[in-house]
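Only one structure is covered here, and it is reproduced in the block below.
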Amino acid sequence: MAKVILPDGTVIEAPEGSTVQDFALKIGPGLARVAIAAEINGELADISTPVNGEVNLKIITARDEQGLDIIRHSCGHIMAEAICSIWPEAKLVYGPTVRDGFYYDIGLAQAITPEDFSKIEAKMKEIIKADKPFERIELSRQDALGRVSGSEYKTDNVERAQGDVLSFYSQGDFEDLCRGPHVPSTKKIDPKAIKIMSVAGAYWHGDASKQMLQRVYGTAWTSKKDLNAYLTRLEEAKKRDHRVLGKQMELFSFHNEGPGFAFLHPKGMVIWNETIDYWRSVHKKYEYGEIKTPIILDEGLWKKSGHWDNYKENMYFTSVDETNYAIKPMNCPGGLLVYKANKHSYREFPIRMAELGLVHRYEASGQLHGLVRVRQFTQDDAHIFCMPDQIESEIIGVIELVQELYSAFGFKDYHIELSTKPEKHIGSDEIWDTATGALRRALEAKGLDFQINEGDGAFYGPKIDFHIEDCLQRSWQLGTIQLDFSMPERFELVYTDKDNTEKTPVMIHRAILGSLERFMGILIEHYGGAMPLWLAPEQVRVLPISDKTADYGNQINDALKAAGFRSSLDLSPEKIGAKIAKAHGEKVGYMLVAGPQEAETGTVSVRMRGCKDNKTVKIDEFIAIAKQKIADKAVELEF
Ligand SMILES: [Zn+2]
Ligand SMILES: [Zn+2]
């Protein structure tokens with residue numbers, strides 16, 4: 001008998017060779033209906049796979065993340081069939097899943113345009129309704145090559161595929177080379193929950209010297225409701241696009257004279273400086289010293305640090321007085337030189353050195369994206385030098401700093417990943433165990449959930465990554481804490497230990513906000529430009545109803561400025577309704593309407609951004625309330 005062990009420990013038996021589907025039926029007909037694939041001993045498989053001997057089995061349904069991925073991948077095959085039936089001369093290249101969907105690269109002389117999408121979708125729906133089973137066949141590499149002969153792309157795919165046995169999947173007459181697994185039949189896909197999204201040019205193998213293909217993107221969900229929610233999220237993201245808001249709000253610009261380098265305007269600098277002021281105050285509290293190191297440094301330094309061998313293609317260079325220099329892509333070597341400038345004793349440890357370091361990293365122009373992907377940015381870097389037995393408490397300190405910073409900016413949801421020793425690494429197993437254990441214990445001490453990425457650490461040490469989630473449930477990796485067993489030795493860093501011998505210190509690299517430019521882009525999108533009061537470029541605008549109250553308006557504006565607010569006065573001849581609408585559009589926090597009645601009583605009528613109600617309060621009272629909002633870093637403006 002074949003025996004399967006389910007995730008909850010339940011054991012089920014059936015005759016040898018029974019398929020996963022047979023086992024699903026034994027568990028329950030409901031499950032058998034929704035089963036779309038399986039995990040057998042940790043490996044994904046079709047539900048038609050026969051089971052022999054004893055295995056661990058997990059039935060995958062559309063509710064599982066892997067299930068949705070399999071649906072999308074199957075949908076990729078269906079889209080490929082649809083395209084081939086519309087354009088029989090189309091050549092299929094490669095069709096993986098991506099976040100929220102899938103794509104297929106197509107070789108076709110005729111351009112596929114958005115006008116063709118509904119035609120492709122209609123054909124896909126036909127294929128889905130035809131209920132064609134996905135069937136797997138396995139061939140030797142030799143036979144697989146024979147089967148795809150004549151197709152340049154598929155021959156290339158077979159040659160690149162690993163293993164001696166290759167698989168093909170067919171649905172009806174359509175066949176494609178594929179590892180699988182797939183849903184059992186095309187009908188398992190909800191025809192109302194699919195959509196072709198876009199088409200773009202893509203070079204074969206991403207190589208600009210190779211031919212240009214057409215990459216058709218699609219999406220698939222488990223229900224029409226999920227598809228619609230996704231489309232709404234996309235719409236919302238478009239409205240919040242920081243590139244659009246940045247222009248509208250006059251925060252920053254980009255120019256051909258410096259591709260990938262952001263130009264920050266006065267209003268953008270307000271957000272920038274408030275962020276940095278706060279960052280500095282928190283670092284002071286956590287006892288960091290701040291340093292500043294040059295951006296242009298001798299080429300030899302980068303050879304020593306290893307950047308020359310591993311990162312050269314991403315670096316900028318210059319030469320002066322016949323000496324070659326590199327523009328720093330990272331701050332670490334500069335920080336190491338600061339450490340080496342003095343002798344150090346264990347008594348000074350831990351030494352925490354923070355640097356808002358300006359770095360340059362070359363990115364292909366196609367990768368650039370507003371502030372989020374740039375070629376020049378400021379990293380909120382720091383390096384901590386300590387002894388091995390101080391690692392855990394130092395990591396705890398960094399985690400607390402991370403929590404304090406993220407929550408101040410309104411990010412409450414984040415997830416954490418711990419990456420451990422990779423196959424290729426330097427340093428003894430002992431130091432890896434000590435360091436990884438310290439990272440793990442620090443996370444546990446703070447009661448944090450974390451995911452372990454086994455073998456995913458850098459070759460020079462384990463690390464912790466922090467990913468925040470924005471209001472559109474998009475995840476952004478921001479912070480990282482990285483242990484380094486390599487640099488201190490490369491740079492011969494030492495300290496004098498208790499026993500008077502010289503030892504190599506432990507080095508921790510850490511960044512919390514990551515790139516400040518990127519963080520600003522994320523903030524703008526997270527808040528849709530409506531920044532919390534403490535970050536808002538314009539916090540208050542005074543709106544006199546007419547010329548008659550212009551003087552009173554002026555008095556209020558002066559009082560606000562004296563109290564430290566970023567305020568302005570709108571003396572334009574517009575009607576009050578138009579003034580309010582304009583201030584709303586410019587995302588001003590508070591609008592203070594000043595009419596004759598307010599002038600008489602020393603009050604203001606307060607309108608809050610995003611709110612329709614007015615509240616009349618004395619000017620001193622308003623100042624006290626708004627000051628408290630700033631001190632609390634409050635996101636809500638209402639009072
Ligand atoms: Zn496939
Ligand atoms: Zn570093």
Side-chain angles (χ1 to χ4, degrees), residues 36-37 44-46 66 69-81 92-98 102-105 127 132-138 144 148 154 157-158 161 166-171 174-186 188-189 218 220 288 291 293 297 301-302 304-307 310-311 328-339 351-359 361 378-386 394 398 458 460-461 463-464 479-488 490-491 493 505-512 514-515:
I36 57 174
L44 289 173
D46 298 313
Q66 298 140 308
D69 199 61
I70 291 164
I71 284 177
R72 287 175 179 155
H73 177 62
S74 303
C75 225
H77 282 239
I78 293 169
M79 180 177 80
E81 181 184 352
L92 300 175
V93 186
Y94 174 63
T97 55
V98 287
F102 57 89
Y103 69 77
Y104 217 115
D105 282 349
I127 297 165
K132 301 185 191 185
F134 274 93
E135 279 163 358
R136 177 186 174 97
I137 60 157
E138 293 182 349
V148 298
K154 291 294 166 188
N157 287 357
V158 170
L166 301 180
S167 56
F168 288 78
Y169 276 81
S170 65
Q171 74 248 23
F174 178 84
E175 182 181 274
D176 200 358
L177 172 73
C178 175
R179 228 171 316 168
H182 278 285
V183 296
S185 156
T186 58
K188 286 280 173 187
I189 289 159
Y288 280 76
I291 63 167
T293 66
L297 292 163
L301 180 72
W302 304 101
K304 193 170 177 180
S305 69
H307 288 90
N310 297 307
Y311 205 70
K328 68 176 177 185
M330 289 177 201
N331 302 302
C332 327
L336 294 172
L337 294 186
V338 172
Y339 178 93
I351 296 175
R352 309 187 188 102
M353 296 195 302
E355 175 171 23
L356 293 167
L358 183 67
V359 297
R361 295 180 189 173
T378 304
Q379 244 187 345
D380 73 322
D381 222 335
H383 295 108
I384 299 171
F385 302 95
C386 64
E394 281 310 297
V398 177
Y460 52 81
K463 63 170 180 170
I464 297 174
T480 180
I481 307 175
Q482 170 85 61
L483 258 72
D484 191 338
F485 312 136
S486 163
M487 287 262 207
R490 269 177 190 253
F491 280 79
L493 302 194
V506 170
M507 180 180 190
I508 302 169
H509 308 255
R510 58 112 273 213
I512 297 179
S515 145

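Treat the numbers as computed from the prediction; the structure is a model and nothing was measured. Ligands are counted one by one from 1 in listed order, and the atoms in each one are counted from 1 as well.
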Rounded to 10 degrees, the angle NE2 of His77 makes with NE2 of His182 at the Zn ion (ligand 1): 90°
Salt-bridge contact Glu355-Lys328 (side-chain N to carboxylate O under 4.0 Å): yes
Cationic N near anionic O, under 4.0 Å, Lys154 to Asp176: yes
Aromatic contact, Tyr104 with Tyr94 (centres under 6.0 Å): no
Atom name, His509 (N, O or S, nearest to the Zn ion (ligand 2)): ND1
Name of whichever N/O/S atom of His383 is nearest to the Zn ion (ligand 2): NE2
No-hydrogen, no-angle side-chain donor-acceptor test under 3.5 Å, His73 and Thr97: no
